[in-house]
Amino acid sequence: MAPSPELRGASGFPSPADDYREFPLDLDRYLVPHPASTFFMRVSGHGLVQAGFHDKDLLIIDRALSPRAGDWVVATIDGSLSLQRLVSHAGRFWLQGEDSRLARVPLDGEHDHRIWGPVCHVIHAFLR
C-alpha cells in the first residue's frame, strides 16, 4: 500500500524536520543483506579490545562475501573458531591476531586453518 499523501492544515506551521523524514529504519536491510549466509556470534574475552572488539560484542558474519586482506574474519584454526585479521604479503595469506608480535597462522593448505567468513559488523553496548 502506498503511503498516504501528507495533509497540512491552515493552522500552525510544518515541522522543519519534515524535509528529513525517512521510512522506518530496517536493520535487517542494512546489516543482513544475505540472510541465508549470515550468522551471528558473540565475542568471548578481552583480548581484542584494542581492535574494537569487546567481551560479549555481537559479530555479524556474512559468508556470501569474499574476505580481503585487512578484513577481520572468523576462522577455524585446528577445529576451533577464532577471530583473526586476514593479512597478505607477496601473494600469500595468513591469519593474524591483534598483537603483530605473535606468530601468524598460514593459510597454505598444509594445515587445518580455514576462513569461515568475514566480519561485516560488530555491535557492542555502551551501557553495561
Hey, any chance [X] and [Y] share a hydrophobic cluster, counting ILVMFWY side chains that come within less than 4.5 Å of each other, even indirectly?
{"X": "Phe39", "Y": "Leu83", "result": "yes"}
{"X": "Val43", "Y": "Val49", "result": "no"}
{"X": "Val74", "Y": "Leu48", "result": "yes"}

Grab the two heavy atoms, one from [X] and one from [Y], that are nearest each other, plus how far apart they are.
{"X": "Val105", "Y": "His113", "answer": "CG1-CD2, 3.3 Å"}
{"X": "Ala69", "Y": "Phe93", "answer": "CB-CE2, 4.4 Å"}
{"X": "Asp55", "Y": "Gly45", "answer": "OD1-N, 2.7 Å"}
{"X": "Gln96", "Y": "Gln84", "answer": "C-OE1, 3.1 Å"}
{"X": "Asp108", "Y": "His111", "answer": "OD1-ND1, 3.1 Å"}
{"X": "Leu65", "Y": "Cys120", "answer": "CD1-SG, 3.5 Å"}

[X] [atom1] to [Y] [atom2] distance, which is reported to the nearest 0.5 Å:
{"X": "Leu95", "Y": "Ile115", "atom1": "CG", "atom2": "CD1", "answer": "6.0 Å"}
{"X": "His46", "Y": "Lys56", "atom1": "NE2", "atom2": "NZ", "answer": "7.0 Å"}
{"X": "Thr38", "Y": "His121", "atom1": "OG1", "atom2": "NE2", "answer": "8.5 Å"}
{"X": "Ile60", "Y": "Leu31", "atom1": "CD1", "atom2": "CG", "answer": "4.5 Å"}
{"X": "Leu107", "Y": "Arg114", "atom1": "CG", "atom2": "CZ", "answer": "10.0 Å"}
{"X": "Ile123", "Y": "Leu27", "atom1": "CD1", "atom2": "CG", "answer": "7.5 Å"}

Is the backbone of [Y] close enough, under 3.5 Å, to the side chain of [X] for a donor and an acceptor to pair up by distance?
{"X": "Arg85", "Y": "Gly70", "value": "yes"}
{"X": "Arg63", "Y": "Trp116", "value": "yes"}
{"X": "Asp112", "Y": "Asp78", "value": "no"}

Item to check | 4.5 Å side-chain heavy-atom contact, His89 and Trp94 | outcome: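 In contact.
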Checklist entry - Where do Val119 and Val73 land on the side chain to side chain contact (heavy atoms under 4.5 Å, CB included) test, with the steps shown first? => result CA-CA 5 Å; Val119 175; Val73 299; 5.8 Å; no
Next on the checklist: Using the rule given for side chain to side chain contact (heavy atoms under 4.5 Å, CB included), can you reason through Trp72 versus Leu59, listing the C-alpha separation, both sets of side-chain angles and the distance that settles it, and then say yes or no?
Outcome noted: CA-CA 10 Å; Trp72 283 93; Leu59 302 178; over 6 Å; no
Item to check | Qualifying side chain to side chain donor-acceptor pair (under 3.5 Å) pairs with a residue from residues 23-35, counting only residues at least two apart or across chains | outcome: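 Sorted result for residues 23-35: His34-Asp62.
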